[in-house]
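Step one of this worksheet: look at the structure below.
Hydrogens, waters and symmetry mates play no part in the numbers below; they use all other heavy atoms, side chains included.
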Amino acid sequence: MSRQTFDGTGRLPASLPTALHATALIERDLRARAPDRRRERAFTMAQPVVHVVDADASVRDALSALIRAVGCRAEVFATARDFLAHPRATVPGCLLLELTLPDIDGLTLQEYIAADQPSLPIIFITSHGDVPTSVRAMKAGAFEFLVKPLAKEALLPAIRDAIAFSKAALERAAIARALDARYASLTPREREVLRGVATGLLNKQVAAELGISEITVKAHRGRVMRKMQAHSLAELVNLVAVLGVLASGGQATD
């Protein structure tokens, strides 16, 4: 394998775009609140980490220099086992992965990472790629598939976009954990009231269904609103939809 060199010192934009999904309005509201805002700021301020797994020392050296030049931290490994044995921080980042490795092949490592750390996008870099292999990698969730010798004009945008993807995925996971924690704080009775209210029942209908007074339902409903940090019934219904507690019979879905 020939030594790959790079010249120039382009920098990744300081502000990376985040993907918007169906729950964008809820996510925006959650980010505006103190605990989640601190978490998002931590992700934003954390230095992105670009992992490199390649058996060729010259490629590792060249990629490491380029990664550092654009403001990211480089962590390089000669084998898949070395990479797996190294602890990985929960910060935005990506993995530059050679398809052919001396121990575990890149596609097998991809399967493991997809199950263990789905927020870490993989950019395959290889001298031995073919169409069937690249199609297989992309279908399995690879972020990009690049063929050596690597062109900086293709590699840097791929790294930038992969880090943006990773940052958005970490933020969504943090939001999901926050919502799960709110739901977990509800008592069994409060969860019953929540399900009734979220399905559109009036307080008196919830009371009749649960065999309690309407005043008691109102008290539970107020506590549900506070614990779920919902400012309105519409927001509460949206939070329930995100959690999926109706479809799961009261248990928040993963």
Side-chain angles (χ1 to χ4, degrees), residues 11-19 21 27 31 35-36 38-126 137-138 140-146 150 155-178 180-181 254:
R11 286 192 174 274
L12 297 179
S15 175
L16 297 173
T18 58
H21 295 268
E27 292 180 2
R31 290 190 185 106
D36 300 310
R38 288 194 297 269
R39 186 181 295 107
E40 182 187 14
R41 185 162 58 244
F43 285 139
T44 301
M45 296 177 64
Q47 185 182 30
V49 177
V50 179
H51 309 273
V52 179
V53 182
D54 196 303
D56 191 316
S58 65
V59 172
R60 295 197 304 272
D61 290 344
L63 288 174
S64 179
L66 176 67
I67 291 163
R68 292 195 304 270
V70 297
C72 298
R73 189 168 85 244
E75 294 187 350
V76 299
F77 309 91
T79 68
R81 287 190 174 87
D82 288 344
F83 169 75
L84 293 173
H86 185 77
R88 296 183 293 280
T90 306
V91 298
C94 66
L95 168 62
L96 304 184
L97 178 60
E98 166 60 52
L99 186 65
T100 304
L101 296 170
D103 51 357
I104 303 172
D105 70 87
L107 292 174
T108 300
L109 181 58
Q110 178 189 24
E111 293 177 3
Y112 177 84
I113 294 171
D116 180 65
Q117 196 176 1
S119 62
L120 184 66
I122 297 175
I123 300 172
F124 276 101
I125 53 172
T126 184
M138 298 302 287
F143 195 83
E144 186 59 270
F145 195 100
L146 302 177
L150 299 171
L155 180 61
L156 287 180
I159 291 175
R160 176 200 62 207
D161 293 345
I163 290 173
F165 174 90
S166 175
K167 179 175 178 289
L170 289 171
E171 288 175 359
R172 288 194 300 273
I175 288 169
R177 288 193 298 271
D180 287 343
D254 293 332

Taking all heavy atoms of Pro118 and all of Phe165, pick out the closest pair and write down the distance.
O-CE2, 4.3 Å
Asp54 and Leu96, any side-chain heavy atoms less than 4.5 Å apart:
no
Nearest heavy-atom pair of Pro121 and Gly93: which atoms, and what distance?
CD-O, 3.3 Å
Side chain to side chain contact (heavy atoms under 4.5 Å, CB included) partner of Arg88, chosen from Asp116, Ile113, Val49:
Asp116
Under the side chain to side chain contact (heavy atoms under 4.5 Å, CB included) test, residues paired with Pro102 that sit two or more places apart
Ala55, Thr79
Are any non-hydrogen side-chain atoms of Phe143 and Leu95 less than 4.5 angstrom apart?
no
Which distance, rounded to the nearest 0.5 Å, do you find between the CD of Gln117 and the CD1 of Ile122?
9.5 Å
Can you tell me how far apart CG (Leu107) and OG1 (Thr100) are? Round to the nearest 0.5 Å.
9.0 Å
Which heavy atom of Ala80 sits nearest a heavy atom of Val53, and at what distance?
N-CG1, 4.0 Å
I'd like to know whether Leu63 forms a side-chain contact (heavy atoms from CB on, under 4.5 Å) with Leu150, so could you lay out the CA-CA distance, the side-chain angles of the two residues, the decisive distance to 0.1 Å, and finally the verdict.
CA-CA 10 Å; Leu63 288 174; Leu150 299 171; 4.0 Å; yes
Go through the structure and list residues passing side-chain hydrogen bond (donor to acceptor under 3.5 Å, both in side chains) with Glu111, not counting sequence neighbours.
none
Not counting sequence neighbours, which residues clear side-chain hydrogen bond (donor to acceptor under 3.5 Å, both in side chains) with Ser119? List them please.
none
In chain order, what residues pass the salt bridge (charged side-chain N to carboxylate O under 4.0 Å, His left out) check against Asp103, with sequence neighbours excluded?
Arg81
Is there a side-chain contact between Ile159 and Val70 (heavy atoms, below 4.5 Å)?
no
Contact summary for Gln110 and Ala137, nearest pair of heavy atoms
NE2-O, 3.0 Å
Which atom pair, heavy atoms only, marks the closest approach of Val91 to Gln47?
CG2-O, 4.1 Å
Those residues at least two apart in sequence (or on a different chain) that pass side-chain hydrogen bond (donor to acceptor under 3.5 Å, both in side chains) with Thr108 are Asp105
Which pairs, with at least one residue in residues 78-97 and sequence neighbours excluded, count as a ring-ring contact (aromatic ring centres under 6.0 Å, His included)?
His51-Phe83, Phe77-Phe83, Phe77-His86
If the condition is salt bridge (charged side-chain N to carboxylate O under 4.0 Å, His left out), which residues does Glu144 pass it with, not counting sequence neighbours?
none
Quick check for you: to the nearest 0.5 Å, what is the distance between Arg73 atom CZ and Ser64 atom OG?
11.5 Å
With heavy-atom distances below 4.5 Å as the criterion, would you say the side chains of Val50 and Ile123 are in contact?
no
Distance check, rounded to the nearest 0.5 Å: Leu146 atom CG versus Leu99 atom CG?
12.5 Å
To the nearest 0.5 Å, atom OG1 of Thr126 lies from atom CD of Glu98 at 4.0 Å
Side-chain touch Val52/Val59, heavy atoms, less than 4.5 angstrom:
no
Decide side-chain contact (heavy atoms from CB on, under 4.5 Å) for Val76 and Ile67; before the verdict, give the C-alpha distance in whole Å, the side-chain angles of both, and the deciding distance to 0.1 Å.
CA-CA 11 Å; Val76 299; Ile67 291 163; 5.9 Å; no
